[in-house]
Amino acid sequence: MSTLRATDRWLLVLTLALLCAGLAMVLSASSVEGLLAYDTAYYYFGRQLVFAVAGLIAMFLLQRTDYRRLHRWAPAAAVVAVVLMLLVLVPHVGRDPQLTHGAARWIELGPATFQPSELAKLALAVYVAQWVDRRQGRLRSFSDGFMPFAIMLAGLLGILLLQRDLGTAVVMCAILVSIFFVGGGRKAHVALLLGGLLAAFALFVVLESYRQQRLTTFLDPFKDPLGASYQPVQALIGLGSGGPFGIGLGHSVLKYGWLPEAHTDFIFAVIGEEIGLVGTTLVLAAFVVLTVRGCRAAMRAPDRFGVMLATGITTWIGFQALVNMATVTSTLPATGVPLPFISYGGSALAITLAAMGVLLNVAAQARDEPDSRRTDATADRGRRNWRTPFAGSRRGADIARRAAGG
């Protein structure tokens, strides 16, 4: 059976549907800005379409490539991703932060820009999945499992905060911690990691005045609707003005300069304005079903590496979508996180589609694996066992001893 026929069709259809919806919304939300800045309403749409085609090619190639081959290339890919993330901090290599509101996140490649942190999401998800897989018997140890992972996470967090990219840092931490937990990390260690991350993020908010302002705006968005709260207030107005069915695709008022970043981080508000509650609910439902299918692929993966890889990718897309939609609806403070598949951003779109190719391949491998060949060590199906899916060797020995009546 071919990979395309064996793969999870729900994952494939949802990915393509979200991609098409994203292209349509980018065309609508960016048309006015493109016309004013570049004399064509199709400027941003054309660039997004190019990256969409590149991403689809990468997705279908990775869909047909056994994900186990990524195991050997994981360390090299992680090193390349980290080096590229450091290069954005080098003057005359990374894009001038003054052009991007003080953020240092992009490398200019002629007329195009590339955001290395998007590549790092995929590269580090693969690497940490491989790293956890290799430490199967030592992951529950404080010195051999928790401490190396915590140091690795702290280093990555430091680089992202030097780039002034707190949103990506939050998403990246969610990806890596989920892999660590599913790989068998102790619940106490995971709780310690989460507590440390919350303390670190709180400290970073206190140290930066603009982050304090975002938090104040979040707590009372209508306190200064024409100043600091302007963007979230306009997003809420757009969502409310759409009503149940919207004012019509392409008829947005927000895109006429009323909502900053209408085609990027706040495109969900334009969806609500143009297509209404029906449109936003469909988008939310698509991400929910995609996340459920991704979790299903993870639980049915034929080996530990596949389980953790599928978990990391699913967490990435599901959690990032949740953060973006929560930001637009003022449920969370503004973080600058795009909506996967839908927001404008070429490198983000292409890498996310490539990640979906890996997830589709994991799903296809699971379909080809008969149930009788899977063991309890493959995945936790979440029935009576609420513990982490991969416990240490000690717990496995205890289970074997009980089964033998010892």
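All residue numbers in this chain count up from 1 along the given sequence.
Y67 contributes no side-chain N or O that, together with a main-chain N or O of G357, makes up a donor-acceptor pair within less than 3.5 Å. Side-chain atoms of N324 come within 3.5 Å of backbone N or O of D265 as a donor-acceptor pair. Between the D66 side chain and the R69 main chain, no donor and acceptor come within less than 3.5 Å of each other. Between the side chain of Q320 and the backbone N or O of P338, at least one donor-acceptor pair lies under 3.5 Å. Under a 3.5 Å cut-off, the side chain of Q231 and the backbone N or O of P260 do form a donor-acceptor pair.
Between L360 and D8, the shortest heavy-atom contact is CD2-O, 3.8 Å. The minimum heavy-atom distance between R135 and P148, with the atom names listed, is NH1-CG, 4.2 Å. For the residue pair L160 and A169, the shortest heavy atom distance occurs at CD1-CA, 3.5 Å. Residues A150 and L193 come closest through the heavy atom pair CB-CD2, 4.1 Å. Nearest heavy atoms, Q130 versus A74: CB-CB, 4.0 Å. When every heavy atom of V362 is checked against every heavy atom of A310, the shortest pair comes out as CG1-CB, 4.0 Å.
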Please determine whether side chain to side chain contact (heavy atoms under 4.5 Å, CB included) holds for the pair L19 and L349, giving the CA-CA distance in whole Å, both sets of side-chain angles, and the decisive distance to 0.1 Å. CA-CA 9 Å; L19 175 62; L349 177 62; 3.7 Å; yes

Given side chain to side chain contact (heavy atoms under 4.5 Å, CB included), test V337 with V170 step by step and report yes or no. CA-CA 9 Å; V337 172; V170 171; over 6 Å; no

Please determine whether side chain to side chain contact (heavy atoms under 4.5 Å, CB included) holds for the pair T280 and I275, giving the CA-CA distance in whole Å, both sets of side-chain angles, and the decisive distance to 0.1 Å. CA-CA 7 Å; T280 55; I275 315 178; over 6 Å; no

Evaluate the side chain to side chain contact (heavy atoms under 4.5 Å, CB included) criterion for residues I351 and F51: first the C-alpha distance (whole Å), next the side-chain angles of each, then the deciding distance (0.1 Å), finally the verdict. CA-CA 9 Å; I351 298 299; F51 280 100; over 6 Å; no

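Pairs of residues two or more places apart, or lying in two chains, that qualify as salt bridge (charged side-chain N to carboxylate O under 4.0 Å, His left out) and include a residue from residues 121-130 are E118-K121.
A distance of 6.5 Å separates CG in L194 from CG in L198, rounded to the nearest 0.5 Å. Distance check: L359 CG to M59 CE gives 11.0 Å after rounding to the nearest 0.5 Å. Atoms CZ and OG1, on F181 and T311 in that order, are 10.5 Å from each other to the nearest 0.5 Å. M356 CE to I313 CD1: the interatomic distance, rounded to the nearest 0.5 Å, is 8.0 Å. To the nearest 0.5 Å, atoms CZ (R140) and CZ (F146) are separated by 14.0 Å. How far CG of L122 is from CG of L353: 11.5 Å, rounded to the nearest 0.5 Å.
No side-chain heavy atom of Q48 sits less than 4.5 Å from a side-chain heavy atom of H263. In this structure the side chain of L16 never reaches within 4.5 angstrom of the side chain of F341, judged on heavy atoms. A 4.5 Å side-chain heavy-atom check between L157 and F201 finds at least one atom pair inside the cut-off. For the pair F222 and L236, the minimum side-chain heavy-atom distance is below 4.5 Å. When side chains are defined from C-beta on, R64 does not count as touching N361, because their heavy atoms never get closer than 4.5 Å. When side chains are defined from C-beta on, T315 does not count as touching I179, because their heavy atoms never get closer than 4.5 Å. With contacts defined as side-chain heavy-atom distances shorter than 4.5 Å, the pair L11/L290 qualifies. Side-chain contact between V132 and R304: present, with at least one pair of heavy atoms (C-beta onward) separated by less than 4.5 Å.
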For residues 245-255, dump all side-chain donor-acceptor pairs below 3.5 Å to protein atoms at least two apart in sequence or in another chain.
residue: H251; atom: ND1; partner: I247; partner atom: O; Å: 3.3
residue: S252; atom: OG; partner: L254; partner atom: N; Å: 3.2
residue: S252; atom: OG; partner: K255; partner atom: N; Å: 3.4
residue: S252; atom: OG; partner: E273; partner atom: OE1; Å: 2.5
residue: K255; atom: NZ; partner: S28; partner atom: O; Å: 3.0
residue: K255; atom: NZ; partner: G250; partner atom: O; Å: 2.9

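Relative orientation of the F149 and F180 rings is parallel, given thresholds of 30° and 60° on the angle between their planes.
Partners of T327 according to the side chain to side chain contact (heavy atoms under 4.5 Å, CB included) rule, which considers only residues two or more places apart in sequence or in another chain, are F266, V323, L332, A334, T335.
When the shell of 6.0 Å around CZ of F114 is examined, it contains more than 12 heavy atoms from other residues, nucleotides or ligands.
In this model, a donor atom of one side chain and an acceptor atom of the other lie less than 3.5 Å apart for Y44 and E33.
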